[in-house]
**Q** 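Before we start, here is the structure in question, set down as structure tokens.
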Amino acid sequence: MIIAVDGPAASGKGTIAKALARHYGLPHLDTGLLYRAVGIAVLRSGGDPSDEGDAFRACDFDSALLSDPGLKSEAAGRAASIVSAHPSVRAALLELQRDFVRQPGGAVLDGRDIGTVIAPEAPAKLFVTASSEVRAQRRFDELKGMGLNVVYDHVLSDIRARDARDSGRGIAPLKQADDAVLLDTSTLDVAAATARAIEIVEQTKVGSEA
Ligand code: DC
């Protein structure tokens, strides 16, 4: 079974995708990490994420970069959001993601365009969201927990800027697929959000078997 999980930053989509993968015994790919790796590779080489040539050259990154702790930083997230708007970058990362989808038995992928572009054939699609204030609070708590000195208002404006960039780009924008089920996690804890996600997948299975 292929499960597509899309949504904006800090919506809980990664946590939900991991939990679904565990529940169904499927491999999981966090596609945001690919864009983050490109973003970090550009920054480390002294390039400019908004320059398409610099970003495209960085798509050739060493796979060891995918486990670099620097990928989780805000700088990497911002650079990822910028490089991901370049068509040549998206094209360079496409086959790797499609190959992951085509594994026997299926897979769980999370990102921005899984249900719309990478795996439009997925029988189970979730669009995970939450209010920007709740998402900013989650990211703020996470960064504080890492010992970083952050200001909530800055985190909120960063989240809003990222939403605008990811939803407003011309290619594969962040958008709920017509056949995706909306899961708003604003008032749900991890256990409740996971339970609801499993329920949605189970209903999809019943629907596709009918
Ligand atoms: O999910 P994330 O925060 O790790 O993603 C970082 C950025 O990568 C996000 O702001 C936009 C981009 N991205 C994308 O364009 N398409 C995806 N499938 C996943 C991420």
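If you're wondering where the values come from, they're calculated on a predicted model, not measured in any experiment.
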**Q** Which pair of non-hydrogen atoms, one from Arg169 and one from Pro173, has the smallest distance, and what is that distance?
**A**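 Nearest heavy atoms, Arg169 then Pro173: O-CB, 3.5 Å.
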**Q** Evaluate the side chain to side chain contact (heavy atoms under 4.5 Å, CB included) criterion for residues Asp99 and Arg102: first the C-alpha distance (whole Å), next the side-chain angles of each, then the deciding distance (0.1 Å), finally the verdict.
**A** CA-CA 5 Å; Asp99 285 348; Arg102 287 193 288 252; 2.8 Å; yes
**Q** Can you check whether Arg160's main-chain N or O pairs, donor with acceptor, with Ser132's side chain at less than 3.5 Å?
**A** no
**Q** Any sub-3.5 Å donor-acceptor pair from Thr204's side-chain atoms to Ile200's backbone N or O?
**A**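 Looks like yes, one N/O pair under 3.5 Å.
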**Q** Are the side chain of Asp62 and the backbone of Leu65 linked by a donor-acceptor contact shorter than 3.5 Å?
**A** no
**Q** Do any N or O atoms from the side chain of Ser167 and from the backbone of Ala164 form a donor-acceptor pair under 3.5 angstrom?
**A** no
**Q** Do the side chain of His86 and the main chain of Pro49 share a donor and acceptor less than 3.5 angstrom apart?
**A** yes
**Q** Can you see which heavy atom on Ala58 is nearest to which on Val38, and at what distance?
**A** CB-O, 3.7 Å
**Q** How far apart are the closest heavy atoms of Asp113 and Asp6, and which atoms are they?
**A** N-OD1, 3.1 Å
**Q** Mark yes or no for whether Thr31, through its side chain, and Asp110, through its backbone, hold a donor-acceptor pair below 3.5 Å.
**A**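 Checking the backbone N and O of Asp110 against the side chain of Thr31, a donor-acceptor pair under 3.5 Å is found.
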**Q** Minimum heavy-atom separation for Ala55 and Val89, please, with both atom names.
**A** CB-CG2, 3.7 Å
**Q** Pick out which of Arg139, Lys144, Gln137 makes a side chain to side chain contact (heavy atoms under 4.5 Å, CB included) with Tyr152.
**A** Gln137
**Q** Answer yes or no: is there a donor N or O on one side and an acceptor on the other, between the side chain of Arg138 and the main chain of Ser11, under 3.5 Å?
**A**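 Between the backbone of Ser11 and the side chain of Arg138 there is a qualifying donor-acceptor contact (under 3.5 Å).
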**Q** Keeping Thr185 on the side-chain end and Ala130 on the backbone end, is there a donor-acceptor pair under 3.5 Å?
**A**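 No, because the side chain of Thr185 does not come within donor-acceptor range (under 3.5 Å) of the backbone of Ala130.
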**Q** Which residues pass the salt bridge (Lys or Arg N to Asp or Glu O under 4.0 Å) test with Asp51, sequence neighbours left out?
**A**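 Listed in chain order: nothing, the list is empty.
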**Q** Counting N and O atoms only, with roles assigned by atom type, does the side chain of Arg112 sit under 3.5 Å from a partner on the main chain of Pro8, one being a donor and the other an acceptor?
**A**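 A pair under 3.5 Å: no.
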**Q** What's the verdict on side chain to side chain contact (heavy atoms under 4.5 Å, CB included) for Tyr35 and Arg90, showing C-alpha distance, side-chain angles and the deciding distance?
**A** CA-CA 9 Å; Tyr35 294 94; Arg90 303 203 75 84; 3.2 Å; yes
**Q** Between Arg57 and Asp60, is there a side-chain N and carboxylate O pair less than 4.0 Å apart?
**A**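 Judged by the 4.0 Å cut-off on N to carboxylate O distance, Arg57 and Asp60 do not form a salt bridge.
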**Q** Would Asp178 and Thr116 satisfy side chain to side chain contact (heavy atoms under 4.5 Å, CB included), going step by step from the backbone distance to the final call?
**A** CA-CA 8 Å; Asp178 292 340; Thr116 51; over 6 Å; no
**Q** Would you check, one step at a time, whether the test side chain to side chain contact (heavy atoms under 4.5 Å, CB included) holds for Leu126 with Val201?
**A** CA-CA 8 Å; Leu126 285 85; Val201 173; 4.0 Å; yes
**Q** Distance-only, no hydrogens or angles: does the Asp54 side chain make a donor-acceptor pair with backbone N or O of Val42 under 3.5 Å?
**A**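 Absent.
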